[in-house]
Amino acid sequence: MATMNMIQAINSAMDVMMTRDPDVLVFGEDVGYFGGVFRATEGLQKKHGLTRCFDAPIAEGGIVATAIGMGAYGLRPVIEIQFADYIYPAYDQIVSEAARLRYRSAADFTAPITLRTPYGGGIFGGQTHSQSPEALFTHVAGIKTVIPSNPYDAKGLLIAAIEDDDPVVIFEPKRLYNGPFDGWHEKPVEPWSKHADSDVPDGHYTVPLGKAKVVRPGSDVTVLSYGTMVHVALAAAAHAGVDAEVIDLRTLVPVDIETIVESVTKTGRCVIVHEATRTSGFGAELSAMVQEECFYHLEAPILRVTGWDTPYPHAFEWEYFPGPERVAKALKRVMEG
Amino acid sequence: MATMNMIQAINSAMDVMMTRDPDVLVFGEDVGYFGGVFRATEGLQKKHGLTRCFDAPIAEGGIVATAIGMGAYGLRPVIEIQFADYIYPAYDQIVSEAARLRYRSAADFTAPITLRTPYGGGIFGGQTHSQSPEALFTHVAGIKTVIPSNPYDAKGLLIAAIEDDDPVVIFEPKRLYNGPFDGWHEKPVEPWSKHADSDVPDGHYTVPLGKAKVVRPGSDVTVLSYGTMVHVALAAAAHAGVDAEVIDLRTLVPVDIETIVESVTKTGRCVIVHEATRTSGFGAELSAMVQEECFYHLEAPILRVTGWDTPYPHAFEWEYFPGPERVAKALKRVMEG
Amino acid sequence: MNAPIKNTVSLSLRIPEPKARPGDPIDFSGLNVPPAGSAPRPDTRANAFQVRDLAFTLIRVLDEAGKAVGPWDPKLSSALLKSGLRTMVITRAYDDRMYRMQRQGKTSFYMKCTGEEAVASAQALALEDDDMCFPTYRQQALLIARGYPLVDMMNQIYSNEKDPVKGRQLPVMYTSKKHGFFTISGNLGTQFSQAVGWAMASAYKGDSRIACAYIGEGSTAEGDFHSALTFASVYDAPVILNVVNNQWAISSFQGIAGGEESTFASRGIGYGIPALRVDGNDFLAVYAATKWASERARANLGPTLIEHFTYRAAPHSTSDEPSRYRPAEEAKGWPLGDPVERLKAHLIALGEWSEDDHKALEKEATEVVRAAGKESEAIGTLGQSRPSVKEMFEDVFKETPWHIRRQRQEMGY
Amino acid sequence: MNAPIKNTVSLSLRIPEPKARPGDPIDFSGLNVPPAGSAPRPDTRANAFQVRDLAFTLIRVLDEAGKAVGPWDPKLSSALLKSGLRTMVITRAYDDRMYRMQRQGKTSFYMKCTGEEAVASAQALALEDDDMCFPTYRQQALLIARGYPLVDMMNQIYSNEKDPVKGRQLPVMYTSKKHGFFTISGNLGTQFSQAVGWAMASAYKGDSRIACAYIGEGSTAEGDFHSALTFASVYDAPVILNVVNNQWAISSFQGIAGGEESTFASRGIGYGIPALRVDGNDFLAVYAATKWASERARANLGPTLIEHFTYRAAPHSTSDEPSRYRPAEEAKGWPLGDPVERLKAHLIALGEWSEDDHKALEKEATEVVRAAGKESEAIGTLGQSRPSVKEMFEDVFKETPWHIRRQRQEMGY
Ligand SMILES: Cc1ncc(C[n+]2csc(CCOP(=O)(O)OP(=O)(O)O)c2C)c(N)n1
Ligand SMILES: Cc1ncc(C[n+]2csc(CCOP(=O)(O)OP(=O)(O)O)c2C)c(N)n1
Ligand SMILES: [Mg+2]
Ligand SMILES: [Mg+2]
């Protein structure tokens, strides 16, 4: 056991897997000698060698394409897209190729690749270092979409992803790398070391894909969240004084429908929180599912608290970011419904 | 007035606009001399000249990028992506550039481009000639998404799109090009000439973006649909013997919320139909919006009838396609709710 | 040069146009065909800069008399030549039958490779059987040469019960890992950069297998082409990057992909990738160039780009009608001839073959294809027989998650 | 050649590495720097094939003594030289101040162009003022040369109330249509192919304005680079395609973009695009090459690719620390020197300038920048002042649709 922040946990997951399995290799822009712009791959090249952790050309499409080819050969590449905002040049390779290789070849060829990418706002990154494009992947059959919210999960989910035989996209909330962040941005930043989920085993373990976690049991209302928003939801519940049951989805596809239904059936109310643009965000799918499954238990409309339908604007970071005030307001409103 | 099928109506829209406005030009793969694989641009090069309707390299990203550059110059390019399934190489240019040019430059530069692309299934096109990726665009702030269901609308919406100062993506249901199709695939194909909406003015007119149309008034249940599914919904209502109010959304973003709310408030029931993959499809957004706006009027869960969460498989065309049987079943179920 | 003089000539936009459209006489006057044997054959250790002229000429071995001449003559045994001829003839017979079957409504779609058979047929022989090919839809000859059963190919085309890809793919989108044939994508170009990744993996593992990638000249405009060349260059990947320049991309001539401004082979120069431009209808030239490239790759000398200059004699696909955009007789006038005829003439010139032998081969090919056709059609053509609908929901993921399982149940499976 | 001999040597994967890492002595030994004046200057009507050697050499005008030599000497007036020098010096002063301001927490982010000032400064003078530039974040000198107010640039960086892009963009992402400066994108490479579209539009309209596009050497690996070259080649677009090879892409050296295998200029050859490789720290060489390219473009002779060989002397951005991946002294050892020093030496050699003049210029530049800084800071730095929150919801579309209006109302605006 060690105390790790999220970057260290992610680094450790790759290190553990590179040590166990010679077919695991890591590449991406600036990930080699330098160790990545967020330092997630620091030391891996030095420890495992030049061909096992190396820099890639600035060509996200090429990075994913070569990873697919390696996967088809039999390797398990772990690739980094430097920011989720830069994943679009690789979109065709992910959607048309990685996602469909198994299906179209009847499992003759597969793409057991793991794509890690920092995502989300809260760091004054402006419109091209803040995006949350997860819904653009949850719509695509054949991709698993994973979003951790703490060091323990980050390592366990990443190892599970690397061992998974299907392509997995992991969005890492970059605002959480160095400490939990609940959206009270004027408060001093707390390090992970003060948080229980920074207790991370040194070696191999997994957090299963497809399993959500109830991070705060409650009886008034179910809050569905993931990534940074888990911490915001907890802060909002405290702020609103509402006994919310906060669920950290961890995996968006396949989503843990049982945990969701069980909770909403109990609480009869549901608030969904994500940072992404509202229209057609993953919150829409969650809302649709919840009302399909729990219609007769719902006592108020399901509410969504999300980023606005605009790009992420540099100067309005905290107005865009769905912080605890906005979430608390929704919690109160849903309790009145 | 003339009788036009959908291809002719689309062709006429471009012809009208090229005649009126020298800044309108058309390009894309095989659209020039040949007139496009679906013949939508037939005759335009001959009539308007080589530089106004021409072939492009097989580089969807380059097509959109050059169109953006032209738009920034002051032209109004109308581009064709040969199949919606091949739009992904252009995804970055659409999402990161066309959609954000106005915003990021505070309207110093804009991209008044129109992107047309045939989409949807029902033609045994297999997984790469059948996709319905509209939700991947509705999630992106700054893009208008339009889907016509008949010749009259196709022409009017396309002209409105070309005249619009924002980027517009028009998905043309290719299964409708030559005749309405209600999903009863064993019935003989009916030509557009037998359908009222094939009466199309020869000249200029518009169908406004953002306005839905109630194609069948009804009192039992609201059906939200667009493209091919409008015809399927009508057939399903007849088949189920349900007095459905069938709404053709025509524009997905910005969606006509008033028409939707008015209808669901009246009927108290709602079924959403689309061909795209279910998870995170546009149906999820519609469902979320309807329950947010009409929660206290809903008498049954909102149901979605959609394509499955798999690629579109060649041999199982009619099992994948959400045909009238499946929609009718949902109509009946929602009436029991 | 000092005073900024604003040029008053107004600019104009150039749209490239082919020499001849329907109704025009065919015109190959601009074509520069160097004589067979004229291109030098550098050592495989030469670098890209040294061999750059080979990107602008045409490597040709078979002369007008059917003789093999010059330094690129691979000096093949007649057994090997006959084996190559057989692959080409069977491929052609196969294409003819399947095209007809589509016309008869027995499947939804088909694509021929007529006129381009030499490329895949010669390469299949020049490569090792376990080298991994990343083909487009016009390299069916690879499968045929490597002994993949014709009947399985047909089952794929018919999406019938025995379809190896379980009814999920458009016809002609074969796959066979066992035969070193990567699953064909409907999305153009994507396989080109994937092949480089496969080659990198092979190098990473200290394997000796190489990758062999294909792309049409039209599709070289896609970003994946650039990714492939960049990654192959940077990591010195053991891969052969083939551009099959059949001069047409559906209705667009090669000028729309930039083919009038430079050769496709010359694209390699800027990446430091040795590039060869080859007469794609010359079986011997394709074989020799491929050997050169594969020797380089296997000796850890990295990638080679090969442009195969050929002509798409058939329609693009069964959905196409070329006489709408090019003179109907253009294919017949193609100055570099037909690859089958040229190899046949060579074997005859060698005294190893006769018109009768050829007729017998054609007959045999038709028979082999017919027999396979009957077998496959007995299983069923499109719509008559198919895999279980359950297959629609399988293989999206390795294990089917709850939401897809539920959807399958909703369908009653 | 007949028997397929399986190569038993096992393959290996090559990962390119720079010559020196932190702790190593700096090493520019592989650098091939041809003498100033040695590259020939072909007629602008020459085609790509004829000028291909220029993609492998280095066009240099300023010799070691600060003299302008050879056929590329643009023979500029001293007034023009001084104007260029002034732009460079102001740019450097501007960079220094803004870098400092970021360090003081007055904004979130900043990017310098130190060492590369000659590229944009010379090009701004070689181009017409209404030619449209499609810059990256390292061509701030274009705006400065064209007279865009420094205070507006700073307002953008501070996202303050007067920010021309209303608080929406990351610092340094300027825009000014009026100054022929396309809105900078955070996504690398996208502007390169857009520039070609703009140029095509200009040609379509019979205009005489040309486009001038920029990309970093690292970003040439993106698909947009390939799109740009393909479309420019096919449609003969009047565009100058500049690759600014400053040898680093954040922590990745140019070998990771393929720079060890060939020059970036040589990428043009395969598209039939004339390509020049220029000493990017030589103001005169950049000017002359740009004039050559712009003459071609304006005479309807199409695109030119220019590689500017330079060195990124500063960190990539304020988020970067280069001593973690390259020797700290590497920048100082760069054999092609500093562009400001070199132009200064040239003017001194011409007898048109003195050390005192230069000091005065530097002082003036600092003063001009300081004054603008004070003005902008008085409006406010990041967080102190900003546009109305309403602006967050504007300009997503021309007219704000109901759902965004509602969201704005939800925010209370
Ligand atoms: C990404 C993508 N864009 C467009 C298409 C449609 N399409 C199918 S084949 C084809 C032409 C390809 O031409 P070329 O690369 O020269 O190959 P050839 O057919 O000549 O072998 C086009 C445009 C596609 N399949 N994929
Ligand atoms: C599509 C995309 N991928 C990655 C990044 C992250 N990134 C920003 S700058 C940079 C390096 C660019 O290097 P180069 O093109 O050489 O330009 P330079 O910074 O040297 O001027 C990277 C990788 C990005 N902005 N956009
Ligand atoms: Mg072709
Ligand atoms: Mg650089």
Side-chain angles (χ1 to χ4, degrees), chain B residues 22-23 25 27 51-52 54-75 77 89-90 92-93 95-113 141-144 164-167 209-210 251 253-258 289, chain D residues 132 134 163-170 173-178 181-187 189-205 207 209 211 213 222-224 226-228 230-231 233-235 237 239 387 391 394-399 401-404 406:
Chain B
D23 290 342
L25 79 172
F27 64 106
T51 62
R52 298 199 62 202
F54 54 85
D55 291 338
I58 304 175
E60 291 77 12
I63 292 170
V64 174
T66 49
I68 292 171
M70 291 175 185
Y73 179 96
L75 304 185
D92 186 44
Q93 283 285 347
V95 167
S96 307
E97 300 293 322
R100 290 207 241 117
L101 218 51
R102 177 186 295 278
Y103 192 80
R104 79 173 196 234
S105 74
D108 195 28
F109 291 94
T110 60
I113 69 179
I143 296 284
K144 294 184 181 169
D164 196 276
D165 288 329
D166 289 309
L209 307 186
T251 301
V253 171
V255 81
D256 183 351
I257 188 75
E258 279 169 34
M289 282 193 317
Chain D
M132 184 62 76
F134 288 75
D163 172 4
V165 294
K166 309 200 168 154
R168 299 191 192 128
Q169 266 282 35
L170 207 61
M173 303 287 172
Y174 315 106
T175 184
S176 181
K177 194 181 207 165
K178 210 178 130 200
F181 192 97
F182 187 71
T183 160
I184 298 176
S185 179
N187 296 60
T190 47
Q191 75 288 347
F192 214 59
S193 43
Q194 292 164 2
V196 175
W198 194 97
M200 288 170 69
S202 187
Y204 172 85
K205 293 294 280 183
D207 195 343
R209 292 178 294 161
E222 289 287 4
D224 293 299
H226 178 55
S227 286
T230 303
F231 282 68
S233 162
V234 169
Y235 302 112
V239 60
E391 291 298 347
E394 301 289 310
D395 288 335
V396 180
F397 296 101
K398 188 174 184 191
E399 273 146 40
W402 70 269
H403 61 289
I404 299 182
R406 266 214 214 161

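As the structure is a prediction and not an experimental result, all values here were calculated from the model. Below, read A as the first sequence line, B as the second, and so on, with proteins coming before strands; counting in each chain starts at 1.
- For B:F54 and D:Y235, the distance between ring centers is under 6.0 angstrom.
- To the nearest 0.5 angstrom, B:I68 atom CD1 is 11.5 Å from D:Q191 atom CD.
- Comparing B:D164, B:D92, B:T110 by heavy-atom pairs within less than 4.5 Å of chain D, the highest count is held by B:D92.
- Residues B:E97 and D:Q194 have side chains in contact (heavy-atom distance under 4.5 Å, counting atoms from C-beta outward).
- The minimum heavy-atom distance linking B:L101 with D:F182 is given by the pair CD1-CZ, 3.6 Å.
- Of the atoms belonging to D:M132, it is side-chain heavy atoms, and not backbone ones, that fall under 4.5 Å from chain B.
- Proximity to chain B (any heavy atom under 4.5 Å) is restricted, for D:I184, to the backbone atoms N, CA, C and O.
- Here the closest heavy-atom approach between residue B:A72 and residue D:W198 is recorded as C-CD1, 4.2 Å.
- For D:S185, the parts lying near chain B are the backbone and the side chain together; criterion is any non-hydrogen pair under 4.5 Å.
- Across B:A65, B:P22, B:A107, B:P254, the residue that shares the most heavy-atom pairs under 4.5 angstrom with chain D is B:A65.
- Of all non-hydrogen atoms in B:I63 and D:F231, the two that sit nearest each other are N-CZ, 3.5 Å.
- For the pair D:M200 and B:Y73, the minimum side-chain heavy-atom distance is 4.5 Å or more.
- No other option in B:G61, B:A56, B:P57 has as many heavy-atom pairs under 4.5 Å with chain D as B:P57.
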>> Quick one, D:V165 with B:Y103, criterion side chain to side chain contact (heavy atoms under 4.5 Å, CB included). Give me CA distance, side-chain angles, the key distance, then yes/no.
In response: CA-CA 8 Å; D:V165 294; B:Y103 192 80; over 6 Å; no
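- Ranked by heavy-atom pairs under 4.5 Å with chain B, the list D:E399, D:K398, D:H403 is led by D:K398.
- Listed by chain and number, the residues in a side-chain contact (heavy atoms from CB on, under 4.5 Å) with B:P77 are B:L25, B:F27, B:A67, B:M70, B:L75, B:I113 (sequence neighbours excluded).
- Contact of the D:S193 side chain with the B:Q93 side chain is registered, since non-hydrogen atoms from C-beta on lie closer than 4.5 Å.
- For the options B:P167, B:G142, B:G210, heavy-atom pairs under 4.5 Å to chain D are most numerous at B:G142.
- The backbone N or O of B:V255 lies less than 3.5 Å from a partner atom in the side chain of D:W402, making a donor-acceptor pair.
- With contacts defined as side-chain heavy-atom distances shorter than 4.5 Å, the pair B:R102/D:F397 does not qualify.
- A salt bridge does not link B:D108 to D:K178: none of the charged side-chain nitrogens sits closer than 4.0 Å to a carboxylate oxygen.
- Here the side chains of D:K205 and B:D23 are in contact, with some heavy-atom distance below 4.5 Å.
- D:V396 touches chain B through backbone and side chain together, each having a heavy atom under 4.5 Å away.
- Across B:K144, B:E258, B:M289, the residue that shares the most heavy-atom pairs under 4.5 angstrom with chain D is B:K144.
- Contact tally against chain B (heavy-atom pairs below 4.5 Å) for D:A203, D:A195, D:P164, D:S202: the top residue is D:S202.
- From D:R168, atom CZ reaches atom CZ of B:R100 across 13.0 Å, with rounding to the nearest 0.5 Å.
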